[in-house]
*Asks:* 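Just dropping this structure here.
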Amino acid sequence: TSGVLLWTAAAEGFTASDVEIDENLNVYVLSSLENAVSGSSGVDMRITKYNSAGTLLWSHDYDFGGTEISRKFVYLNNRISAIGYGSSSPSSPYFDWKTFQTDTDGTLLWNAIYDATTYNDEEPYYILAKPTGEVIVTGKGGPSPDPNNPSFIQMPIVEYSNTGSQIWIDTPNIYGGWGLASMFASDASLYAISSSDMTVYHYNGEPLGLTNNLYNIASVTIYPNPVSSSTTIEINTNESQNVQVTVFDVIGKTVINIPKQELQSGSMKINLDLTELNNGLYFCQ
């Protein structure tokens with residue numbers, strides 16, 4: 001902290017995009033490297049780990065199909081959560097979000113691809129982690145705010161569980177703007193900022209994740225909410241689709257799962273009995 005150089009090390013890659021340090025002063029570097037996983041894997045993401053003296057401990061490469069250009073990562077509570085972007089297949093002309101999580105040995109825990117606009121590039125810009133392993137990602141993407149112009153993009157905020165399941169999505173800026181950063185306040189509420197007419201969004205800590213802007217073409221209503229013993233999910237849609245209902249607790253554990261079933265055009269009501277659950281906050285997907 002006095003500016004004296006302690007050590008240097010060269011992490012292989014054509015781009016180094018972020019660096020993190022854990023409690024033992026181990027250093028993690030996020031980079032991108034061409035054909036690191038195989039001779040035809042394209043651009044892959046790489047995490048390199050050094051000890052407190054700058055000695056290389058390991059490097060791991062990650063390929064999720066297509067291209068992975070590293071953007072940012074965060075270390076918290078023995079988990080490394082990273083974001084990048086690129087095509088989801090070698091033939092795709094458009095970029096999608098790539099989110100993944102590893103342990104401190106570089107072992108992949110889960111990965112998820114976010115692609116909510118078929119005809120446009122989507123990029124994540126910021127990732128935020130919780131101590132229990134959930135991550136929140138914001139950037140630019142879909143779903144399109146205009147059904148007549150499906151290539152339009154906006155600012156999505158997505159939370160993933162500590163197993164990679166999508167807990168919730170919100171699209172607060174329907175007129176454009178790209179999510180640039182987010183941060184938790186001391187009361188567990190969430191702040192996020194966007195570009196293009198710079199805007200600040202503030203989410204209350206208690207109902208965080210309960211949103212009407214669901215990534216679904218159906219209209220979904222939950223009542224009553226807050227819940228005492230049971231609640232009803234009402235789904236209205238103009239076309240048939242498969243519906244699966246999953247309820248998670250705050251650490252991402254599934255507490256209720258209703259298997260996938262086909263929903264015909266019209267209205268459907270699902271009753272959830274919550275009498276066996278402890279008092280607290282739950283997320284319904």
Side-chain angles (χ1 to χ4, degrees), residues 1-90 95-114 122-139 158 160-164 180-184 252:
T1 55
S2 61
V4 177
L5 179 64
L6 300 179
W7 55 266
T8 62
E12 187 179 9
F14 67 80
T15 295
S17 56
D18 208 357
V19 62
E20 279 285 323
I21 303 176
D22 66 19
E23 298 86 350
N24 298 314
L25 302 184
N26 296 307
V27 177
Y28 305 84
V29 177
L30 179 66
S31 62
S32 299
L33 189 64
E34 187 112 23
N35 295 328
V37 173
S38 72
S40 59
S41 60
V43 179
D44 305 314
M45 281 192 278
R46 167 173 287 192
I47 297 178
T48 304
K49 182 178 180 178
Y50 302 93
N51 67 14
S52 59
T55 301
L56 176 65
L57 298 179
W58 53 255
S59 288
H60 286 288
D61 301 306
Y62 306 91
D63 173 37
F64 308 112
T67 302
E68 287 78 33
I69 302 173
S70 63
R71 174 55 57 83
K72 189 174 180 59
F73 71 164
V74 59
Y75 166 82
L76 186 63
N77 202 17
N78 296 314
R79 289 176 182 247
I80 302 167
S81 306
I83 52 175
Y85 62 96
S87 58
S88 295
S89 68
F95 287 169
D96 303 320
W97 295 16
K98 310 287 184 79
T99 306
F100 70 98
Q101 192 172 81
T102 76
D103 61 19
T104 53
D105 292 324
T107 302
L108 182 67
L109 301 177
W110 57 265
N111 71 279
I113 295 177
Y114 180 78
E122 299 180 278
E123 293 185 37
Y125 288 108
Y126 200 84
I127 184 169
L128 182 66
K130 295 181 180 180
T132 47
E134 295 85 359
V135 297
I136 293 175
V137 183
T138 187
V158 182
Y160 295 99
S161 73
N162 55 16
T163 60
L180 297 181
S182 58
M183 186 60 63
F184 285 116

*Asks:* Identify which one of Lys130, Gln101, Glu134 satisfies the side-chain hydrogen bond (donor to acceptor under 3.5 Å, both in side chains) criterion when paired with Ser81.
*Replies:*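 By the side-chain hydrogen bond (donor to acceptor under 3.5 Å, both in side chains) criterion, Ser81 pairs with just one of Lys130, Gln101, Glu134: Gln101.
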*Asks:* Would you sort out whether Thr48 and Glu12 count as a side chain to side chain contact (heavy atoms under 4.5 Å, CB included), showing the intermediate values?
*Replies:* CA-CA 9 Å; Thr48 304; Glu12 187 179 9; over 6 Å; no
*Asks:* Return the set of residues passing side chain to side chain donor-acceptor pair (under 3.5 Å) with Glu34 (not counting sequence neighbours), or none when no residue passes.
*Replies:*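 For Glu34, no residue satisfies side chain to side chain donor-acceptor pair (under 3.5 Å) once neighbours in sequence are set aside.
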*Asks:* To the nearest 0.5 Å, what is the distance between CG (Asp18) and CD1 (Ile80)?
*Replies:*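 Going from the CG atom of Asp18 to the CD1 atom of Ile80 covers 11.5 Å.
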*Asks:* How long is the gap from CG on Leu128 to OG on Ser182, to the nearest 0.5 Å?
*Replies:*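 If I round to the nearest 0.5 Å, the distance is 4.5 Å.
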*Asks:* Using only heavy-atom distances, determine whether the side chains of Ser161 and Thr163 contain a donor-acceptor pair under 3.5 Å.
*Replies:*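 Yes - a donor-acceptor pair under 3.5 Å links their side chains.
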*Asks:* Do you know the tightest heavy-atom contact between Arg46 and Asp61?
*Replies:*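 Nearest pair, atom of Arg46 first, then Asp61: NE-OD1, 2.5 Å.
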*Asks:* Between Lys72 and Tyr126, is a side chain to side chain contact (heavy atoms under 4.5 Å, CB included) present by the stated rule, with each step listed?
*Replies:* CA-CA 7 Å; Lys72 189 174 180 59; Tyr126 200 84; 3.3 Å; yes
*Asks:* Please walk me through it: do Ile113 and Lys98 pass side chain to side chain contact (heavy atoms under 4.5 Å, CB included)?
*Replies:* CA-CA 5 Å; Ile113 295 177; Lys98 310 287 184 79; 3.8 Å; yes
*Asks:* Looking only at heavy atoms, which two atoms of Ser32 and Glu68 are closest? And how far apart?
*Replies:*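 Looking at all heavy atoms of both residues, the shortest contact is OG-O, 3.9 Å.
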*Asks:* For Ala112, check side chain to side chain contact (heavy atoms under 4.5 Å, CB included) against everything at least two apart and list the hits.
*Replies:*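 Ala112 satisfies side chain to side chain contact (heavy atoms under 4.5 Å, CB included) with Trp110, Tyr160 once adjacent residues are dropped.
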*Asks:* For Ser31, check side chain to side chain donor-acceptor pair (under 3.5 Å) against everything at least two apart and list the hits.
*Replies:*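 Per chain and number, Ser31 pairs via side chain to side chain donor-acceptor pair (under 3.5 Å) with no residue.
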*Asks:* Which distance, rounded to the nearest 0.5 Å, do you find between the OG1 of Thr99 and the CD1 of Ile136?
*Replies:*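 Reported to 0.5 Å precision, the distance equals 12.0 Å.
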*Asks:* Closer than 3.5 angstrom, by distance alone: can the side chain of His60 be matched with the main-chain N or O of Asp105 as a donor-acceptor pair?
*Replies:*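 Pair found, side chain donor or acceptor close to backbone of Asp105.
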*Asks:* Evaluate the side-chain proximity of Thr107 to Thr102: yes if any heavy-atom separation is below 4.5 Å, no if none is.
*Replies:*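 Thr102 vs Thr107: side chains apart.
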*Asks:* How close do Asp63 and Gly66 get, heavy atom to heavy atom, and via which atoms?
*Replies:*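 Distance-wise, the nearest heavy atoms are OD1-O, 3.9 Å.
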*Asks:* For the OH atom of Tyr85 and the CZ atom of Arg71, what is their distance to the nearest 0.5 Å?
*Replies:*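 Those atoms lie 5.0 Å apart.
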*Asks:* Using side chain to side chain contact (heavy atoms under 4.5 Å, CB included), reason through Tyr125 and Ile83 one step at a time and then give a plain yes or no.
*Replies:* CA-CA 8 Å; Tyr125 288 108; Ile83 52 175; 5.9 Å; no
*Asks:* If every non-hydrogen atom of Ala129 is compared with every non-hydrogen atom of Val74, which pair is closest and at what distance?
*Replies:*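 Heavy atoms only, the tightest pair is CB-CG1, 3.8 Å.
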*Asks:* Mind checking side chain to side chain contact (heavy atoms under 4.5 Å, CB included) for Thr8 and listing every partner two or more places apart, or none if nothing turns up?
*Replies:*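 If we apply the side chain to side chain contact (heavy atoms under 4.5 Å, CB included) test to Thr8, skipping adjacent residues, the hits are Leu5.
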*Asks:* Any chance you could measure Ser59, atom OG, to Ile47, atom CD1, to the nearest 0.5 Å?
*Replies:*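 Result: 10.0 Å between the selected atoms.
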*Asks:* Please verify the inter-ring angle class for Tyr28 with Tyr75; under 30° counts as parallel, over 60° as perpendicular, anything in between as tilted.
*Replies:*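 Geometry flag for Tyr75 against Tyr28: parallel rings.
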*Asks:* Only counting residues at least two apart or in another chain, list the ones meeting side chain to side chain donor-acceptor pair (under 3.5 Å) with Thr138.
*Replies:*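 Here no residue qualifies.
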*Asks:* Using 0.5 Å steps for rounding, measure from the CG atom of Asn24 to the CG atom of Asn51.
*Replies:*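 Separation between the atoms: 10.5 Å.
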*Asks:* Are Val137 and Trp97 close enough that some pair of their side-chain heavy atoms sits under 4.5 Å apart?
*Replies:*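 SC-SC contact between Val137 and Trp97 confirmed.
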*Asks:* Measure across Gly106 and Tyr62 and return the closest heavy-atom pair with its distance rounded to 0.1 Å.
*Replies:*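 Closest heavy-atom pair between Gly106 and Tyr62: O-OH, 2.6 Å.
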*Asks:* Can you name the closest pair of heavy atoms from Arg79 and Leu109 and give their distance?
*Replies:*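 Where Arg79 meets Leu109 most closely, the heavy atoms are NH1-CD1, 3.8 Å.
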*Asks:* Taking only residues two or more places apart in sequence or in another chain, which ones pass side chain to side chain contact (heavy atoms under 4.5 Å, CB included) with Asn111?
*Replies:*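 Listed in chain order: Phe64, Phe100, Leu108.
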